[in-house]
Amino acid sequence: MRAPSSTITAHTNSTYRIAPSRIHRSSTSLPSPPSTKLLMQTHATLLRSGEIHDAIIAGKLISNIANSHPSNLPYALTFLSHPTNIPINAFAWNSLIRGFAHSASPENSISLYRRMLADGFFPNNYTYPFLLKASSYLEDRRVGLSLHATIIRRGLDGMDPFIQTSLINFHAVLVSVDTARQLFDESLVRDVTSWNALIKGYVACGQHMNAIYMFQAMQDCGPICGDEITMLSVVSACAHLGALEMGRWVHSYIERNRLVLNLNLGTALINMYAKCGEIDSAKSLFWEMQEKDVRTWSVMINGLAIHGHAKESLVLFAEMQRFGVVPDSVTITALLIACSHGGMVERGRTIFSRMRMDYGIEPTIEHYGCIVGLLGRAGKLDEALALIRRSSLKPDIVLWGSLLVDCMVHKNIGMGEIVVKEILKLDPSNAGAHVFLSNMYATSGKWDVVQEVRNFMKEQMIHKPPGSSLIEVNGVVHEFLSGDSSHPQFDGIYKMLDEICRLVSLKGHKPLVGGVSFDINDEDREVCLSQHSEKLAVAFGLISTNPGSVIRIIKNLRICRDCHAVMKLVSEAFGRIIIVRDCNRFHHFSKGSCSCGDYW
DNA sequence: GGAACTGTAA
């Protein structure tokens, strides 16, 4: 079990409420950047008046052009080779570097920096944040590391909060979040942006719990208060963790601190509610939002999809188009997920085959992942394999892995072997491929081959990542691993687990041991099965929450057949709604049945 | 003149 040593108490008594008066209406009231035409007119006027030869005036013009829109960058660059000797100062160089740092070709910022040095200009404390920003988008982290070395050599590290935050961000993105943390700890000045850079860094590398801890530490340190950008990261962390109580608390924090529920934050909150199983809260917030962009719609369409509301998801997509919002690649992914979980094979096929024609969106590996999942789940394995073979994209491990799971579910050993070979070509020590190989042989009773695979894995030290389930009780997130006995309430949990086994067996449940291969006899295999992480989590939920309350579990893998059957029976026997989010979708168990209709 | 900014396959 991993639980916060100290936790943010979720204010479970505060009701979930939206304050419409504080919902951000629109960004149209913001002044729009000067148009290209206007910039050109100003340029012409300054040329005529001769004021263009004033370095400060020229610098302002270059800055306005370079930062108006990325498409104006070539125009801004013409000033560097202008025949009329327009003076260029450090401010103008910085503006150009800044413009490219936020463009699709950030490497140009670095070229400009080199040119700036060659022309005898010294970068100042404004230059480095832009350069570090550009470096964080490059593949080669040596560029940013070399800049960091220059910053140290010039004695600028730890002196300027902007440089420090940029360094934290660069390290979090391209080096490691640990070095980012070190830089943060060493900073003499911390402001909300440096906290934000670090919190975002933890979210970006998947250390969501650490992101929450940092947010908590930020409050403990005072007097700095989180702003809208802090909340984006914190809400995103809650969504990943499935930490609903924490997410609700954060929502109320946003309201208490009168933060603006703007487009981005609203979208993040909708996503959080959907990913935490509260699809109705997600829906109400979605319709409350005055301004919605393609992300807001996609988040909602995806939310409905993972809850198995396929038809509603497609209806919302139609609605989105009526509102004139143009779908993007992620929207199409969400639609395919909806079809996949709703078993709408034909509709999914059509969307996939027409996406280029209908929406001008080129299929990516993610779309292939969805369609292979859709076909595989429906047992159309040959079609899925043919599709992968026909694709011009190079299939990755995720794509093959998805097909492999379906080969196992549909007991297609022949194709499973083909797929395993493909996976092992990409990653010879892939744990999943070895485990599935072993499982496939176990299913067909080839125990000598099972032993061979097992020995090989032992020799090569190949371990399958353990199943993990998270459950949040009173604002504390508890993690259970398969066969875990480290929880302080171990005794109570295992007593409850025995009780569950007794009750489900009275209902006629027979353990579905097909997915367990590493244990020789059936009894051991049943024990292994009975200690799957989601069963430990549900047992803990039953003993630590009020009778009748909803139990929410987040599982890192796909829920197994046996756990699925047991959850249905537990929901009936204990009169509980159990909501399990596995790595694919939500399962709402109630009164002995599941919202997925046993199709997942 | 500057740093931090939400959603996708398994």
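Lettering of chains follows the sequences in order, A, B, ..., and the numbering in each one begins at 1.
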Asks: Examine A/Y359 together with A/F317 and report whether their ring centres are nearer than 6.0 Å.
Replies: yes
Asks: Between the base of B/dA4 and the side chain of A/D191, is there any donor-acceptor pair under 3.5 Å?
Replies: no
Asks: Would you please confirm or rule out a distance under 4.0 Å between OP1 or OP2 of B/dC5 and any side-chain N or O of A/K200?
Replies: yes
Asks: Determine whether a donor-acceptor pair (one donor, one acceptor, N or O, separation below 3.5 Å) exists between the side chain of A/N94 and the base of B/dG2.
Replies: no
Asks: Can you check the A/Y202 OH to B/dT6 P distance for me, whole Å?
Replies: 18 Å
Asks: Taking any heavy-atom pair under 4.0 Å as a contact, classify A/V372: base, sugar-phosphate, or nothing.
Replies: nothing
Asks: Heavy atoms from C-beta onward define the side chain here; which of B/dT6, B/dA4, B/dG2 lies closest to that of A/T267?
Replies: B/dT6
Asks: With sequence neighbours left out, write down each residue that passes salt bridge (Lys or Arg N to Asp or Glu O under 4.0 Å) with A/D54, or none if nothing qualifies.
Replies: none
Asks: Show me, pair by pair, the donor-acceptor contacts under 3.5 angstrom made by side chains of residues 300-310 of chain A, not counting sequence neighbours?
Replies:
residue: A/H307; atom: ND1; partner: A/H588; partner atom: NE2; Å: 3.0
residue: A/H307; atom: NE2; partner: A/A274; partner atom: O; Å: 2.9

Asks: Rounded to whole Å, please give me the gap between CG in A/L156 and P in B/dA3.
Replies: 17 Å
Asks: Per the side-chain contact (heavy atoms from CB on, under 4.5 Å) rule, which among A/L404, A/V398, A/L403, A/D396 passes with A/W400?
Replies: A/L403
Asks: Tell me whether the OP1 or OP2 atom of B/dC5 has a side-chain N or O from A/K133 closer than 4.0 Å.
Replies: yes
Asks: Among all residues two or more places apart in sequence or in another chain, which pass the ring-ring contact (aromatic ring centres under 6.0 Å, His included) test with A/W195?
Replies: A/F184
Asks: Can you figure out which of B/dA4, B/dG7, B/dG2 approaches the side chain of A/P129 most closely?
Replies: B/dG2
Asks: Who passes side chain to side chain contact (heavy atoms under 4.5 Å, CB included) against A/S95, sequence neighbours left out?
Replies: A/S63, A/N67, A/F91
Asks: Can you figure out which of B/dG1, B/dG7, B/dA4 approaches the side chain of A/T331 most closely?
Replies: B/dG7
Asks: Got a sec, which residues hit side chain to side chain donor-acceptor pair (under 3.5 Å) with A/Y253, two or more places apart in sequence or on another chain?
Replies: none
Asks: For A/L263 and B/dT6, give me the distance from atom CG to atom P, rounded to whole Å.
Replies: 12 Å
Asks: For a quick check of understanding: with a heavy-atom distance under 4.0 Å over all strands, which category does A/I229 fall into, base, sugar-phosphate or nothing?
Replies: base
Asks: State which of B/dA4, B/dT6, B/dA9 makes the closest approach to the side chain of A/C370.
Replies: B/dA9
Asks: A/S236 side chain N/O closer than 4.0 Å to the phosphate oxygens (OP1, OP2) of B/dG7?
Replies: yes
Asks: Report which part of the nucleic acid A/Y126 touches: base, sugar-phosphate, or nothing (heavy-atom distance under 4.0 Å, all strands).
Replies: base
Asks: Does any donor-acceptor pair link the side chain of A/D328 with the base of B/dG7 at a separation under 3.5 Å?
Replies: yes
Asks: Under 4.0 Å between a side-chain nitrogen and a carboxylate oxygen: does that hold for A/E51 and A/K60?
Replies: no
Asks: From C-beta outward on A/E366, which listed nucleotide comes closest to its side chain: B/dA9, B/dG2, B/dA3?
Replies: B/dA9
Asks: Could you state the atom-to-atom distance from CZ of A/F130 to P of B/dA3 in whole Å?
Replies: 6 Å
Asks: Of all of residues 298-310 of chain A, which get a heavy atom below 4.0 angstrom from DNA chain B, listed by number?
Replies: A/S298, A/V299
Asks: Rounded to the nearest angstrom, tell me the gap between atom CG in A/L198 and atom P in B/dA4.
Replies: 14 Å
Asks: Any donor-acceptor pair, under 3.5 Å, between the side chain of A/T193 and the base of B/dA3, if you only look at N and O atoms?
Replies: yes
Asks: Within the 4.0 Å heavy-atom criterion, would you say A/L167 contacts the bases, only the backbone, or no part of the nucleic acid?
Replies: nothing
Asks: At under 4.0 Å between heavy atoms, what does A/R98 touch on the DNA or RNA strands: base, sugar-phosphate, or nothing?
Replies: sugar-phosphate
Asks: Measure from NE2 on A/H240 to P on B/dA10 and round the result to the nearest Å.
Replies: 14 Å
Asks: In whole Å, what is the span from the CG atom of A/L265 to the C1' atom of B/dC5?
Replies: 10 Å
Asks: Who are the side chain to side chain donor-acceptor pair (under 3.5 Å) partners of A/R347, not counting sequence neighbours?
Replies: none
Asks: Output the residues of residues 173-183 of chain A in contact with DNA chain B, where contact means a heavy atom of the residue under 4.0 Å from an atom of the strand; sort by number or write none.
Replies: none
Asks: Looking only at N and O atoms, is any donor in the side chain of A/S402 or the base of B/dA10 less than 3.5 Å from an acceptor on the other one?
Replies: no
Asks: Would you call A/Y368 stacked on B/dA9, i.e. ring centres under 5.5 Å apart with the planes less than 30° off parallel?
Replies: no
Asks: Between A/E186 and A/R181, is the salt bridge (charged side-chain N to carboxylate O under 4.0 Å, His left out) condition met? List the steps.
Replies: CA-CA 9 Å; A/E186 290 164 5; A/R181 173 65 184 273; over 6 Å; no
Asks: Under the rule for side chain to side chain donor-acceptor pair (under 3.5 Å), what residues qualify as partners of A/N210, not counting sequence neighbours?
Replies: A/Q207
Asks: Would you mind reading off the distance between A/L374 atom CG and B/dA10 atom P, rounded to a whole angstrom?
Replies: 10 Å
